[in-house]
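Naming convention: chains lettered A, B, ... in sequence-line order (proteins, then strands); numbering from 1 in each chain.
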Number of protein chains: 2
Amino acid sequence: MADEQRGRRGSYAKGVVKREEILERALEVIAREGYRGASVKELADAVGLSQAGLLHYFDSKEELFTAIVRKRDEVDLARFDPIDLSAASLADVREGYVSVVRRNAEVPGLVQLYSQMAVDAADVQHPAHGFFIERGENLRGMLASVIAARSESGDITDRIDPDALARILQAVADGLQVQWMLEPDVDMAGIVGQLFDVLVQAVPARTGDDRTA
Amino acid sequence: MADEQRGRRGSYAKGVVKREEILERALEVIAREGYRGASVKELADAVGLSQAGLLHYFDSKEELFTAIVRKRDEVDLARFDPIDLSAASLADVREGYVSVVRRNAEVPGLVQLYSQMAVDAADVQHPAHGFFIERGENLRGMLASVIAARSESGDITDRIDPDALARILQAVADGLQVQWMLEPDVDMAGIVGQLFDVLVQAVPARTGDDRTA
DNA sequence: GTCTATATGTTGATAGAC
DNA sequence: GTCTATCAACATATAGAC
């Protein structure tokens with residue numbers, strides 16, 4: 001795990017620290033100013049380095065952006081770290097799912113970066129290929145484990161197997177992002193909330209309004 | 001409508017015909033050999049023209065690829081032309097939806113092209129921006145109109161409004177494509193079929209096996 | 001209408017000074 | 001570790017011959 005996060009060079013001490021700083025800064029900038037297939041130079045300017053200076057820490061442009069996406073996930077996951085999945089209620093899962101989507105609507109640039117990278121990473125040669133596969137597996141694994149447990153107790157529809165259900169929840173979130181990039185008025189969180197309530201037969205009391213605005 | 005399909009130059013007679021020929025040929029090649037952000041030259045070679053010769057028919061690379069995506073839709077829609085939407089049963093809609101997804105699994109290159117373009121077209125400046133907005137509206141309009149009619153008669157869940165439901169069906173299809181590009185084993189048609197059956201409360205007799213393989 | 005040739009621009013990557 | 005300078009490798013778009 002740690003190995004994958006190191007570049008060829010910045011493997012020790014200060015190098016690693018600086019690297020992380022760069023990635024954090026890059027995420028801020030992209031979140032704020034958007035990402036449209038930015039060049040290394042553009043990003044370098046944004047984080048306060050020359051193009052060569054930035055590439056000192058990464059082997060290539062693709063590796064650089066792969067590291068950024070990785071870092072994004074790392075940051076996002078840290079927010080959910082405290083949650084114990086095995087003890088999570090369905091309402092917890094619902095709230096987690098919806099809140100992630102809601103939060104995405106606040107960082108257009110990151111949504112754009114993610115969508116772009118996800119498509120590019122379809123190429124087996126792309127450095128982020130393996131990452132996106134693993135990421136999907138982890139994401140769906142979290143969903144499916146909770147779903148499967150509740151499914152046995154009859155809380156959840158048994159007309160879709162947990163794996164397919166997890167794929168659907170992932171797909172809806174991803175697909176709505178594309179619709180939302182095209183039309184920012186789309187209420188992603190509200191829609192995924194509705195879907196969750198229908199797929200999960202037992203309707204829990206709504207904890208609040210899902211909508212962003 | 002016709003205007004949008006004409007380039008600056010090839011506006012008349014033979015030019016238009018040749019243009020359409022180019023687009024059809026491009027679709028074949030992309031469907032067969034894939035698309036990875038291909039350059040104009042690559043496509044030109046594939047369709048048997050020089051780069052300049054190809055750009056003779058289109059104002060720019062972006063316009064060219066926008067025309068290709070447009071053409072793809074045109075071809076696809078023609079296959080469903082005979083269907084009268086106002087008379088369509090729920091089973092018809094289900095079958096149409098599932099079969100489109102099933103067919104996509106046979107043309108990886110086109111899926112890749114579509115996904116890539118959809119992300120790029122998020123940019124308001126992109127020539128395909130308006131096209132993708134319209135396309136989404138049309139697609140969801142078809143779904144929503146049938147759904148709304150059935151919803152009143154109680155065939156469909158009323159816990160999701162027709163618009164949201166249509167967005168969900170669109171999003172799942174798009175999102176699954178990304179998963180499928182990453183992992184070609186994903187059974188897109190099977191999954192969307194299951195989803196449809198759950199969202200539409202009255203389970204129609206399955207007309208057959210949705211799976212591709 | 002199609003080609004060859006080329007203008008013009010950008011990119012990612014590297015070499016080498018400091 | 002970071003910069004400046006430079007490179008080769010494309011890309012798209014256009015000019016002009018045929």
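Side-chain atoms of B:R211 never come within 3.5 Å of backbone atoms of B:A189 as a donor-acceptor pair (strictly under, hydrogens ignored). Using a distance-only test at 3.5 Å, with no hydrogens or angles considered, a donor-acceptor pair links the side chain of B:D92 to the main chain of B:S89. Between the side chain of B:Q51 and the main chain of B:V40, no donor-acceptor pair closer than 3.5 Å is present.
Residue A:L55 contributes atom CG, which lies 15 Å from atom C1' of D:dA5 at whole-angstrom precision. C:dT11 atom P lies 14 Å from atom CG of A:L64, rounded to whole Å. If you take CG of B:L54 and C1' of D:dT14, they are 15 Å apart, rounded to a whole angstrom. Atom-to-atom, NE2 of B:H56 to P of C:dT4 comes out at 15 Å; the value is rounded to the nearest Å. Protein atom NZ of A:K61 is 15 Å distant from nucleotide atom P of C:dT14, rounded to whole Å. Protein atom CZ of A:F58 is 14 Å distant from nucleotide atom C1' of D:dG1, rounded to whole Å. When the C1' atom of C:dG1 is taken as reference, atom CZ of B:R19 falls 15 Å away, rounded to whole Å. The distance from atom CZ of A:R36 to atom P of C:dT10 is 19 Å, rounded to the nearest whole Å.
In the displayed structure, A:K71 atom NZ is contacted under 6.0 Å by more than 12 heavy atoms of other residues, nucleotides or ligands.
At a non-hydrogen distance threshold of 4.0 Å, A:L49, A:S50 from residues 40-50 of chain A come into contact with DNA chain D.
For B:Q51, counting side-chain heavy atoms from C-beta on, the closest listed nucleotide (D:dT12, D:dA15, C:dA15) is D:dT12. When distances are taken from the side chain of B:S39 to each of C:dA13, D:dA11, C:dT11, the shortest belongs to D:dA11.
For residues 104-149 of chain A, every residue pair satisfying the ring-ring contact (aromatic ring centres under 6.0 Å, His included) rule, not counting sequence neighbours, is listed here: A:Y114-A:F132.
Screening A:V93, A:D161, A:L169, A:L90 for a side-chain contact (heavy atoms from CB on, under 4.5 Å) with A:I147, the sole residue that qualifies is A:L169.
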